[in-house]
2 protein chains.
Amino acid sequence: MGTTDAFGLELGNLPDMLTIELRMGQILAEKAFSTISHTQVSPGLFMILTLIRNNPGQKQASLARSVQLDRSTMVPIMDHCERQGWVQRQPFPGDRRAHAICLTSSGVELVEKLEQDARKLETQVTAAMGKQKRDQFLTLLKEFQQALLAGSQVEVSS
Amino acid sequence: MGTTDAFGLELGNLPDMLTIELRMGQILAEKAFSTISHTQVSPGLFMILTLIRNNPGQKQASLARSVQLDRSTMVPIMDHCERQGWVQRQPFPGDRRAHAICLTSSGVELVEKLEQDARKLETQVTAAMGKQKRDQFLTLLKEFQQALLAGSQVEVSS
DNA sequence: TATTGTTATACTCTATAACTATA
DNA sequence: TATAGTTATAGAGTATAACAATA
């Protein structure tokens, strides 16, 4: 009767729920990304590194808030990045409690490599969906995030 | 210069990558869903239970493939659902290796409760984005998944 | 030979609570 | 009092490898 998936299972009203479809889309996208990029870097870490590159000198806690992580979760992530030589913790001007997080040049290189991988995936998706739809999709994805942040569903603790 | 997020951080070209935006969207959606639904059930489990409801009597392995999980990962999930009284493992007609997975009536009730919660979230998103955009977003989300499954990026092992 | 369910095991990601040093 | 970073700890969620039963 209804829609079936790639394995012949009945999806019923599953495809009518944004939460579920979003989850499925993200799972597929992460698998595709890790197939293309042979780095050990997850999309989650990719996001954090890009955020640091675009905002050098931020506090760990600010970065954590931006990606919806607890600040304690950020500690082992930064430890790992520092050990790999991708980021540096520097003194934060005017606040001796805080660290200013920056990318090293090797971190910048890594981000650029990952961006290239991401672009490969984008190219494949664009080829399959068409450029107009792909762009439209990205636009709506951003509006969807705005909608969630605007509602009281997700806290925007500053 | 560029776009900034809710916390004032520069996003740079981050918003131009589907993988990243999808990830962020999904994180926000899961937080919103768990704020609305006070069940202990994650969107991931919600998806699995709905799939079982729509496809009663499937093998564990088929369900696992459909949601992109290893079949060994499915074992503790089904154990948990069985202990909670949501699903039953029954003999699979014609294959004595397999189990036929079905929802109990209490499992059906749970799924209906979760669907109600999901609809609440949909209503809030629709109010913020507008119905047309929300529907368009869902359509494109499905096409995006198709694009990934169609490409060789994600294995469709049968 | 291949598949189904399972076990044992380990790895990743994340959060909570409590501590310290600053602010 | 509140915030930044940290530690210790615990809980999800997931995968790999190997096994027995069955196809």
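Note that this is a predicted model, so its numbers are computed, not measured. Every chain is numbered from 1 and lettered A, B, ... according to where its sequence line falls, protein lines coming before strand lines.
- Within the model, atoms CG of B:Leu18 and CZ of A:Arg134 stand 4.5 Å from one another, a figure rounded to the nearest 0.5 Å.
- Applying the 4.0 Å criterion to OP1 and OP2 of C:dA15, one finds that B:Lys31 has a side-chain N or O inside that range.
- B:Asp79 has no carboxylate O lying under 4.0 Å from a charged side-chain N of B:Arg83, or vice versa, which leaves the two without a salt bridge.
- Note on A:Lys59: every side-chain N or O is 4.0 Å or more away from OP1 and OP2 of C:dA23.
- If you measure from atom CD of A:Glu30 to atom C1' of C:dC13, you get 11 Å, rounded to the nearest angstrom.
- Under the 4.5 Å side-chain contact rule for hydrophobic residues, A:Val67 and A:Val75 do not share a cluster.
- Comparing A:Arg23 and A:Met74 against DNA chain D, the residue whose closest nucleotide sits nearer the 5' end is A:Met74.
- Straight-line distance from the CZ atom of B:Arg65 to the C1' atom of D:dA15: 17 Å, rounded to whole Å.
- In this structure, A:Ile27 places its CD1 atom 15 Å from P of C:dC13, rounding to the nearest Å.
- In this structure, CD of B:Gln90 is placed 16 Å from C1' of C:dG5, rounded to the nearest angstrom.
- For the atom pair OG1 of B:Thr50 and CD1 of A:Ile20, the computed distance is 5.5 Å after rounding to the nearest 0.5 Å.
- Checking C:dG5, C:dT4, C:dC13 against the side-chain heavy atoms of A:Ser42 singles out C:dC13 as nearest.
- When the P atom of C:dA23 is taken as reference, atom CZ of A:Arg96 falls 5 Å away, rounded to whole Å.
- Axis angle between the ends of the helix from C:dT1-D:dA23 to C:dA23-D:dT1, five pairs each and rounded to 10 degrees, works out to 10°.
- Taken together through direct or relayed side-chain contacts under 4.5 Å among Ile, Leu, Val, Met, Phe, Trp and Tyr, B:Phe92 and B:Met78 form parts of separate hydrophobic clusters.
- Residue B:Glu109 holds its CD atom at 11.5 Å from CG of B:Leu103, rounded to the nearest 0.5 Å.
- With rounding to whole Å, B:Met78 atom CE is found 11 Å from C:dG5 atom P.
- Between B:Phe46 and B:Phe33, the ring-plane angle classifies as parallel under the 30° and 60° cut-offs.
- Between the side chain of A:Arg97 and the base of D:dT3, at least one donor-acceptor pair of N or O atoms lies under 3.5 Å.
- Close to C:dT6, at under 4.0 Å from its OP1 or OP2, lies a side-chain N or O of B:Gln60.
- Residues B:Ile77 and A:Arg89 both approach DNA chain D. Their nearest nucleotides, taken by heavy-atom distance, put A:Arg89 toward the 5′ side.
- Along DNA chain C, the nucleotide nearest A:Leu69 and the nucleotide nearest A:Asp95 are compared for position; the residue whose nucleotide lies closer to the 5' end is A:Leu69.
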Taking N or O atoms only and anything under 3.5 Å, show me the protein contacts with nucleotides 16-19 of chain D, one pair per line.
from   : atom 1 : to      : atom 2 : distance (Å)
D:dT16 : O4     : B:Ser72 : OG     : 2.8

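- To the nearest 0.5 angstrom, B:Leu121 atom CG is 9.5 Å from B:Asp117 atom CG.
- You'll find that the side chain of B:Val75 is closest to C:dG5, out of C:dG5, D:dT14, D:dA4.
- The CD1 atom of B:Ile48 sits 15 Å away from the P atom of D:dA12 (whole-angstrom rounding).
- In this structure, the CG atom of A:Asp79 is 12 Å from the P atom of D:dG5, given to the nearest Å.
- No hydrogens or angles considered: a donor-acceptor pair under 3.5 Å links the side chains of A:Glu30 and A:Gln26.
- In this structure a side-chain-to-backbone donor-acceptor pair under 3.5 Å is missing from B:Ser106 to B:Trp86.
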